[in-house]
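Written out below as structure tokens is the structure these notes cover.
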Amino acid sequence: MQITTEPTEFECQGFTCRFGPRNSQWPSRTQAQVIACIAAGMTHKEIAKLRGCSPRTVSATSAAILYYLNAHRAAGAVVEAMKRGWIAPLLVALLISGINPDMDAMRHRQPTRTRTQVSASRMVGRRDNGSLYA
């Protein structure tokens, strides 16, 4: 039995979130906040620090959201939450990102190498005279 009521709105991480009472078509306030943070690209640790709870609590909440939205990945859950009207991006954030001329430069970072590359020619140039396979 689903009760149709008007949802309550709040803002979180650049998204307008809607939540409602139990047994309604709307998520709880916690679920709405977690799905908005996931949509903003935050990790479970970052969400837990923001909410003041354990990362395991955030994992359990996100697992419940994935189940309820019938999604297999976080991106699918965000899309479904937007379709259902649980979360909506704030218009101001969309306008600013569209107007910014340096958006492409800000998006891509230069790759950083963590290991030094070893050339393959060092192995090819060496011959073993006593080997059967040389």
Side-chain angles (χ1 to χ4, degrees):
M1 175 175 120
Q2 289 195 353
I3 302 167
T4 55
T5 59
E6 287 299 314
T8 308
E9 292 186 357
F10 69 97
E11 291 182 13
C12 178
Q13 300 297 317
F15 287 88
T16 302
C17 306
R18 294 177 186 91
F19 71 97
R22 281 186 181 217
N23 298 328
S24 69
Q25 64 181 354
W26 302 101
S28 67
R29 184 178 180 89
T30 302
Q31 290 172 335
Q33 188 178 21
V34 168
I35 195 70
C37 290
I38 290 172
M42 295 176 71
T43 64
H44 286 191
K45 272 187 177 180
E46 293 168 340
I47 298 169
K49 187 180 265 189
L50 176 75
R51 295 199 64 248
C53 64
S54 162
R56 282 199 152 179
T57 304
V58 175
S59 293
T61 304
S62 63
I65 292 169
L66 291 175
Y67 177 77
Y68 189 73
L69 294 174
N70 196 19
H72 299 287
R73 293 188 174 91
V78 169
V79 169
E80 187 62 30
M82 285 184 176
K83 283 182 185 176
R84 292 185 185 194
W86 288 11
I87 58 173
L90 294 174
L91 185 60
V92 175
L94 290 175
L95 287 175
I96 290 172
S97 67
I99 292 172
N100 191 355
D102 297 329
M103 187 174 77
D104 287 335
M106 289 171 32
R107 250 190 146 138
H108 302 292
R109 292 186 298 189
Q110 292 295 324
T112 57
R113 294 209 179 264
T114 56
R115 297 185 328 190
T116 56
Q117 194 169 1
V118 178
S119 71
S121 63
R122 186 172 60 165
M123 297 300 230
V124 174
R126 201 181 317 159
R127 292 255 177 195
D128 186 12
N129 292 336
S131 173
L132 298 172
Y133 302 106

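In terms of modelled atom types and a separation under 3.5 Å, the side chain of Arg18 and the main chain of Gly85 share a donor-acceptor contact.
Taking SG of Cys53 as the reference point, atom NE2 of His44 lies at 10.5 Å (rounded to 0.5 Å). Expressed to the nearest 0.5 Å, how far NZ of Lys49 lies from OG of Ser54 amounts to 13.5 Å. Distance check, rounded to the nearest 0.5 Å: CZ of Arg29 to OG1 of Thr8 gives 8.5 Å.
Ile65 is not connected to Phe19 by any chain of hydrophobic side-chain contacts under 4.5 Å among Ile, Leu, Val, Met, Phe, Trp and Tyr, and they are in different clusters.
Taking every heavy atom of both residues into account, Ala48 and Pro55 meet most closely at CB-N, 3.6 Å. A pairwise comparison of heavy atoms in Phe15 and Ala40 identifies CE1-N, 3.9 Å as the closest pair. Taking both residues in full, the closest heavy atoms of Ile87 and Ala32 are given as CG2-O, 4.2 Å, listed atom of the first, atom of the second, then distance. Across all their heavy atoms, Glu46 and Gly41 have their closest contact at OE1-O, 4.4 Å.
Leu66 meets the side chain to side chain contact (heavy atoms under 4.5 Å, CB included) test with Ala71, Ala77; sequence neighbours excluded.
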Report the C-alpha distance between Tyr68 and Glu80 in whole Å, list the side-chain angles of each, state the deciding distance to 0.1 Å, and finish with yes or no for side-chain contact (heavy atoms from CB on, under 4.5 Å). CA-CA 10 Å; Tyr68 189 73; Glu80 187 62 30; over 6 Å; no
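In this structure, Gln33 and Thr61 have side chains that are not in contact, with every pair of non-hydrogen atoms separated by 4.5 Å or more. Using a 4.5 Å cut-off on side-chain heavy atoms (C-beta onward), Pro27 and Ile35 make no contact.
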